[in-house]
Visitor: 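Following this message is one structure expressed as structure tokens.
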Amino acid sequence: MKGQPNDRAIRLGEYILEHKATVRATAKQFGISKSTVHKDVSERLPLIQPQLYPLVKAVLEQNKQERHIRGGLATREKYARMNHKK
């Protein structure tokens, strides 16, 4: 996803908000790095869309609080698949 960084930051913010997406999922969807997503939504977005930024930040904070749960579920699924193959 090439183009103007400010336009990209707005599109990323809207995507995160609409899909409640993580930084990783957003980066994968747009074909860019996690670092780029993080920089765009944490540094550029507050300057160009200050009304959108708090909403996006709230989603990212919620994802951050839930990540240990998602990690545990992924580990459980991994071992369930391994045991199923045996």
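Everything numeric here is computed off the predicted structure, so don't read it as measured data.
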Visitor: Checking side chain to side chain contact (heavy atoms under 4.5 Å, CB included) for the pair M82/K78: CA distance, chi angles, key distance, verdict?
Guide: CA-CA 6 Å; M82 287 173 49; K78 173 185 172 183; 4.1 Å; yes
Visitor: Quick one: closest heavy-atom pair of T22 and A25, and the distance?
Guide: OG1-N, 3.0 Å
Visitor: Starting at NZ of K64, measure out to NZ of K57 and round the result to the nearest 0.5 Å.
Guide: 9.5 Å
Visitor: Indicate the atoms forming the closest heavy-atom contact of K34 with A27, along with that distance.
Guide: N-CB, 3.8 Å
Visitor: Look up atom CG in N83 and atom CZ in R81, then write down how far apart they are to the nearest 0.5 Å.
Guide: 11.5 Å
Visitor: May I ask you to test the L52-L17 pair for a side-chain heavy-atom distance under 4.5 Å?
Guide: yes
Visitor: Given the rule in the side chain to side chain contact (heavy atoms under 4.5 Å, CB included) test, do I10 and N6 qualify, once you have shown the distances and angles that lead to the verdict?
Guide: CA-CA 6 Å; I10 293 169; N6 290 346; 5.6 Å; no
Visitor: What's the separation between atom CD in E43 and atom NZ in K39, rounded to the nearest 0.5 Å?
Guide: 4.0 Å
Visitor: Check A21 against L60 and note the closest heavy-atom contact, atom names and distance.
Guide: O-CD2, 4.2 Å
Visitor: So how far is it from E14 CD to L45 CG, rounded to the nearest 0.5 Å?
Guide: 9.0 Å
Visitor: What's the separation between atom CZ in R44 and atom CD in Q4, rounded to the nearest 0.5 Å?
Guide: 10.0 Å
Visitor: Just do the side chain to side chain contact (heavy atoms under 4.5 Å, CB included) check on V37 and I32 with the steps written out, would you?
Guide: CA-CA 7 Å; V37 173; I32 56 179; 3.7 Å; yes
Visitor: For the atom pair CG (L47) and OH (Y53), what is the distance rounded to the nearest 0.5 Å?
Guide: 10.0 Å
Visitor: Taking all non-hydrogen atoms of both residues, which atom of F30 and which atom of L12 are closest, and how far apart?
Guide: CD1-CD2, 3.5 Å
Visitor: Can you check side chain to side chain contact (heavy atoms under 4.5 Å, CB included) on R8 and T36, steps first, answer last?
Guide: CA-CA 10 Å; R8 182 180 64 215; T36 302; 3.8 Å; yes
Visitor: I would like to know whether E66 and Q62 meet side-chain hydrogen bond (donor to acceptor under 3.5 Å, both in side chains); could you show each step before the answer?
Guide: CA-CA 6 Å; E66 295 173 351; Q62 181 178 358; 3.1 Å; yes
